[in-house]
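Below is one structure, written out as structure tokens; the observations come after it.
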Amino acid sequence: MIRLQNLKKDYIVKGHKTPALRGIDLSIEKGEIFGIIGHSGAGKSTLIRCINLLERPTAGSVIVDGVDLTKLDEGKLQEQRRHIGMIFQHFNLLSSATVGENVAFPLKLAKRPKAEIDKKVKEMLALVGLEQHRDKYPAQLSGGQKQRVGIARALASDPKVLLCDEATSALDPQTTNSILALLLDINRKLGLTIVLITHEMHVIRSICDRVGVIDGGHIVEMGNVLDVFLKPQHPTTQEFVEQVADSSELRAAVAHEKASGERTILRVTFLGEQTYQPILFQTMQETGTVFSILQGTISRMKDTPYGQLVIELGGDAQQNRKAVDTLRQRGLEVEVI
Amino acid sequence: MGFTLKNIDWAEIWKGTQDTLTMLGFSTLFTVVIGLPLGILLFLTSRGQLLENRAFYSISSFVVNVLRSVPFIILMILLIPVTKMLVGTSLGVKGSIPPLVIGAAPFFARLVETSLREVDRGVIEAAQSMGASNWQIIRSVLLPESRSGLIAGITITTVSLVSYTAMSGVIGGGGLGDLAIRYGYQRFQTDVMVVTVCILLVLVQILQMVGDRLVIKFSRK
């Protein structure tokens, strides 16, 4: 659906060339939710704004649904942009227009007939659950409601792609979750391709299928969220994963245990159905090992349940080795720390 | 010598008031008609905006500054040949409108530019992302979003025009200012001057009040 090829963007700051993107290659499939995560200044905002050419890349091509946007003239580009919806961190609603008028805005720009606009506005407001707020002005709404208007507005012109530029960064955690749930719902109902950028791993974990980690203008790691999340390779990725995994706590605990003698500490990863089965308990019982849990998470990544426990084995060397082998045989990921 | 209103020629005052209102109405109209597009152009061609154009911006900005820095009373005199060319006379109500407009339009254009600058950049960007053309952005984003600022600008400009119309009395422009100068200054008829000043004061109060009300009515923030 979206293909970025060797995308580069340089900014000229006080006469100096400052590269923001240093050659991005990216392919996003139809119907997937692709997340791009990075620190501020990593280039993620520039990247997403290059997809609809709000920023014109210095080099490279941007192909959306088979059309290379960088080769289009202004009029054709405006036409193509109608197929790419976008929502923003600060919502960017027209403050002088009502909720209904905001949602109607892209359709008015496209000069659609009034009856069609009215019908579509109603439909969109129902989709985001704001039917009763049609005649209010944005200033009368909460942040979450404003973003819902933003989503309704972005979807009104039936786009093929929805770009989310830090769409939840200005919202509180609860509202963030409700907006994420809405995005996931829309992705499923409409089969819409969604590209989102964020600095919060929580957002990626909740709704994304694949993730790209951007750092210093490069994509440093990319893959299925599950893989990237459970086995982060690049230091930047590891940092982001720590956001949701309390790893600093773990390091302290491990250091404490290590200091107190020769112990076996394991990180055990459960995936899918395994998560809710008593594999750990059974294994320990069979091998006659005792264990204590130092740290652990049981959670869900989009739809996949997963668990990651750090445990300390308390048996003798032979028992411990046997326990590790048995856990591996039963399909768990075991890493000796 | 007690102050009395007995010696005032009320017909003359009424005529002056009408002339002032006529001048004010037309000059405000033309000031907006000329100043609004000029202000929009100034905004759009300034740095980082949709039609960024350094040469155009610098030149028009310079012209605007020159016109604004010449005191109105001098501008009026300098413009006499231009006024004659435009409306055939430099006297009376008709003759005072061109200098009023040329004096006020650059001022209003600056106010327009400032109001447009207040429009959230993100909203313009959102419109761009939806495929809006530049013209659609001006009409459907910039103007409605800056509506209350523009109304405030028109109010300020109209109030300034009230004092400009009074000044145009000096070169025979007609209206209340003319009256105040001819009677109050040249014939020492303080009573006429006091009355005209009072009328101007009431006029300014009304204009400002109406403007403020409209700003509140259209403000959505």
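Numbered from 1 within each chain, the chains take letters A, B, ... in sequence-line order. Side-chain atoms are counted along with the backbone in the values below, which use heavy atoms only and exclude waters and symmetry mates.
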*Consider only side-chain N and O atoms of A:S96 and B:E145, and report whether a donor and an acceptor are under 3.5 Å apart.*
yes

*Flag yes if more than 12 heavy atoms outside A:Y137 fall under 6.0 Å of its OH atom; otherwise flag no.*
yes

*So does B:W135 have more than 12 non-hydrogen atoms from other groups sitting under 6.0 Å from CH2?*
no

*State whether the number of non-hydrogen atoms from other residues, nucleotides or ligands found under 6.0 Å of B:K15 atom NZ is greater than 12.*
no

*Please say whether more than 12 non-hydrogen atoms of neighbouring residues, nucleotides or ligands are located less than 6.0 Å from CZ in B:R117.*
yes

*What part of A:L163 lies closer than 4.5 angstrom to a heavy atom of chain B: side chain, backbone, both or neither?*
neither

*Measure A:K111 against the heavy atoms of chain B and call it side chain, backbone, both or neither at under 4.5 Å.*
side chain

*Report the distance from atom CG of A:L53 to atom CD of B:Q128, rounding to the nearest 0.5 Å.*
11.0 Å

*Roughly how far, to the nearest 0.5 Å, is OG of B:S129 from CD1 of A:I84?*
9.0 Å

_A:R3 CZ: over 12 foreign heavy atoms closer than 6.0 Å_ = no

*Quick one: does A:R49's side chain get under 4.5 Å of B:E125's, heavy atoms only?*
yes

_B:G122 to A:N92 - nearest heavy-atom pair and separation_ = O-ND2, 2.9 Å

*Could you check which of A:Q89, A:Q140, A:R81 has the highest count of heavy-atom pairs closer than 4.5 Å to chain B?*
A:R81

*So do B:V123 and A:L93 actually touch side chain to side chain, heavy atoms under 4.5 Å?*
no

*So how far is it from B:D120 CG to A:H90 NE2, rounded to the nearest 0.5 Å?*
9.0 Å

*Taking all non-hydrogen atoms of both residues into account, name the closest pair between B:A126 and A:R153 and its distance.*
CB-NH2, 3.5 Å

*Student check: side-chain heavy atoms of B:Q136 and A:K108 closer than 4.5 Å*: no

